Each structure stands twice: as structure tokens, then as C-alpha cells.
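Below: one structure, written as C-alpha cells.
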Amino acid sequence: MRAAFLPFSIPTIGEEEINEVVDSLKSGWITTGPKVKRFEEAFKEYVGAGYAVPLTSATAGLHLTMLALKLKPGDEVITTPMTFAATVSMIVQGGGTPVLADIEPGTLNIDVHAIRRKITPRTRAIVPVHFAGQPCDMDEIFAIASEFGLSVIEDAAHAVGTEYKGARIGSLDSVSVFSFHPIKNITTGEGGMVATNDEQLAEEISLMKFHGMNREAWKRYEASGTPNYDIVMPGFKYNMMDLQAALGLHQLVKLDSFIEKRTLLANFYNEAFCDIEELVTPKEVPYEHRHAWHLYTPLVRIEKLTIDRDSFMAQLKGENIGTGLHFKAIHHHPYYRDTLGIAAGDLPNADYASERILSLPLFPLMKLDDARDVVAAVKTVIARNRR
Ligand SMILES: *Cc1c(COP(=O)(O)O)cnc(C)c1O
């Protein structure tokens, strides 16, 4: 057994990030200011979007994007059950009714055929989640959206750097919401970004993110600015700080090298696990893409073991290996079980994955030897509990 505990994820913070934060702290300006503007420009350029709006989190981005849809009671928004609660909770906070469409069993992305089956006259939007950093089949999703006149909002929390048929996520004709939470592919501590080519939508979200104030606060305090401002709608307080952008500016430069390292580790896992019949390794999508490898999520075939997934994770912890759970399916959480009224057996692929999935350690600072320790611990736990 390895001597030290290996966490499931550790952010990669270098001297550049540390110095940039200290620079902000000493500058006299720590909240939204020039570094947020620079990060916005750099991010927009990296993903290839017309507009980008920096925010406090992806949850904030989903909230404002949902509000911009101006849903009426009873309006339905189709999304996946294999996601973080924020995706679905922000549909509710935006005034919509979430409708869950089942996933594909291999990639765990939303199944486009299942989306079609869930469309009703009340459907207004589709929210695909690029699960673990693999792009959903966006051509198919856009085709359904245009056929039925629906909006598309990509939950791109896992997908900074993901590419779909040669195009970066963030550059497509929809709106994408990214997360910079510490476990995501790049971090600003907490933080998020909305990217879109829709100028009007970007302006609306920008206005909502800061009190509905019609000018950027930091410009008011510049020598050329005036302290006066107007409130033109009742807004929120979702603005990213310069302290956060200080991290993001350097994280973004390192993103491609982070993804390379994640890919190397994921390929190592895939090879090490390919002939272990108690594990189902993640399947790649069949079209051209770049996987950002935010997560490595095998399924444990519990029917071949004497223990369940939670005990499997507990025993890995006993071997000094940390794990994550991404995700328990949305309709297995008490609130959504009680409010969504999903019939038993309606989402069989999500039910299957939800009971078997776990996230193994995957982060750029990991060494191949760490990955070897993970593989050894997984094999030990399987051997100990084989049926
Ligand atoms: C992390 C995550 C979010 C929320 O991101 P925050 O920045 O923490 O608000 C939303 N959706 C998915 C799929 C996520 O994994």
C-alpha cells in the first residue's frame, strides 16, 4: 500500500499564479478590474467565442443564462441526469421544469434519441453536459433544436479545451458555461465564464451579473470616470474579482499542457484496466474530438463483486487512494426524486451508471507512479471482493 494518501484531485498552482495574486493584493485593486478584462479577452480568444462574460461560478452562469430564456411556468428544459445538481437546480431557479433524458451507456453523454423522445409542445431548451470533457453530439443536438425552435445551452463545466469536430467548445452557435472550480481543468479558486457569439445575450448577462448597473464599476473609479451610475434592472452580484482572474490568466496559458498530462494518465488507466472484467472503462465518442479528460470515470461491475460502489470507494480509501463521485444521478437525490416524478425504469442507463460510477485520481501533478498505485489498489480491492 502507498505510504501517503493520494487525493482524487489537486489544483496545479505555480509561482506565476502566486506572484500575480500578490501583485493584485499590492496594487490597491482586488475586485473586478483590469485583470478580469484581460482574462475575459484571453479566454474569448482561446475558445474562439465572440463574447465572454466572467462570473463567480458556472452556477452563476447557468442561473443568468436560464433567466435570459425568460421561461414561463410549465416551460420544459431537457438535460441529462448524469450531471452536477447545479445544471438542474438552475433550470428550476430560472423558472423552468427540468426534464431528464437518458444517457448513452458508453460515453455517459446525453443520448440524442432520448432527447427527441422527451420533446413536448412545452419544451424550450436543451442543456447538454459535455461529460468528463468529451463533447456531446452537437450537430445532432443543433438539428433537433432548429427542428423544434429550441435554445441550446452547453454546460461546459468539464469542457475547457474540449474540441468537437475541430471546433473548440465555446465557439459553437449556442452559449457555453464554463467552471473554474478547483477540481476543474483550470481554476480561479471559484469562478466561471459564459461564452457565446450572441452579442445581445452577452450584454444581458453582463448587466444581470452586477446589480443591473449600466457601467463597469472599476471604470467609475478611473481618473477619467465619474462616480455616477444608473440601475436599469434588478441584478445580481456575480462579478469575478481580479484576485480570481490573476489565477485564471496563468492557468489558461498552461491549459493545453494540463490536458496533455491528463490524456497521458487516462490512456495509462485505460490500458491497465482493459482486461479487468469487473471494470467498464470510459468509451470515446465516435466523431472527431479532443477529450479534455476532466474526469476518469470507470464503472464498477458490482454484480461481479460482493460489495457495492460506496464500499469499493471506502476500501480504496483504506489503500490510501482518494476517489470522487461524478455523479449520483439527479433523480436519485431526494429533492428531485420527490419533485420530478420519474417513473422507475425511465432512465435505465443513468440508473446503471449512477450505482457503479466512481472518479479515480486524475490531475496534472500526478506521476505515472501514482497512477500505478491507483491501478494496484483497484486490483487489490477487486481481488478481495470477487464474487
Ligand atoms: C462543477 C459543475 C458545475 C458547477 O460549477 P461551479 O463553478 O462550481 O458553479 C456545473 N455543472 C457541472 C456539470 C459541473 O461539474
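Everything numeric in this text was worked out from a predicted model, so none of it was measured. Because only heavy atoms are used, hydrogens play no part in the values below, and waters and symmetry mates are left out as well, while side chains stay in. Order of appearance sets the numbers: ligands from 1, and atoms from 1 within every ligand.
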Practice prompt. Examine distances only and state if a side-chain atom of Thr56 and a backbone atom of Gly191 form a donor-acceptor pair shorter than 3.5 Å.
Written response: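 No.
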
Item to complete: Report yes if the side chains of Phe312 and Ile382 come closer than 4.5 Å at any heavy-atom pair, otherwise no.
Response: yes

Worksheet item: Does the ring centre of Phe8 sit less than 6.0 Å away from the ring centre of His326?
Response: yes

Item to complete: Kindly say whether the aromatic ring centers of His211 and Tyr229 come within a distance under 6.0 Å.
Response: no

Can you list every pair where an N/O of ligand 1 is under 3.5 Å from an N/O on the protein?
from	atom 1	to	atom 2	distance (Å)
ligand 1	5 (O)	Ser179	OG	3.3
ligand 1	7 (O)	Ala58	N	2.9
ligand 1	7 (O)	Ser179	OG	2.7
ligand 1	9 (O)	Ala58	N	3.3
ligand 1	9 (O)	Thr59	N	2.8
ligand 1	9 (O)	Thr59	OG1	2.5
ligand 1	11 (N)	Asp155	OD1	3.3
ligand 1	11 (N)	Asp155	OD2	2.8
ligand 1	15 (O)	His158	NE2	2.7
ligand 1	15 (O)	Lys184	NZ	3.2

Output a table of donor-acceptor pairs, distance under 3.5 Å, between side-chain atoms of residues 363-370 and any protein atom two or more places apart or on a different chain; print 'none' if there are none.
from	atom 1	to	atom 2	distance (Å)
Asp369	OD1	Arg372	NH1	2.6
Asp370	OD1	Arg2	NH1	2.9
Asp370	OD2	Lys367	N	2.9

Worksheet item: Do we see a donor-acceptor contact under 3.5 Å between the side chains of Asp102 and Tyr352?
Response: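 Side-chain D/A pair, Asp102 to Tyr352: absent.
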
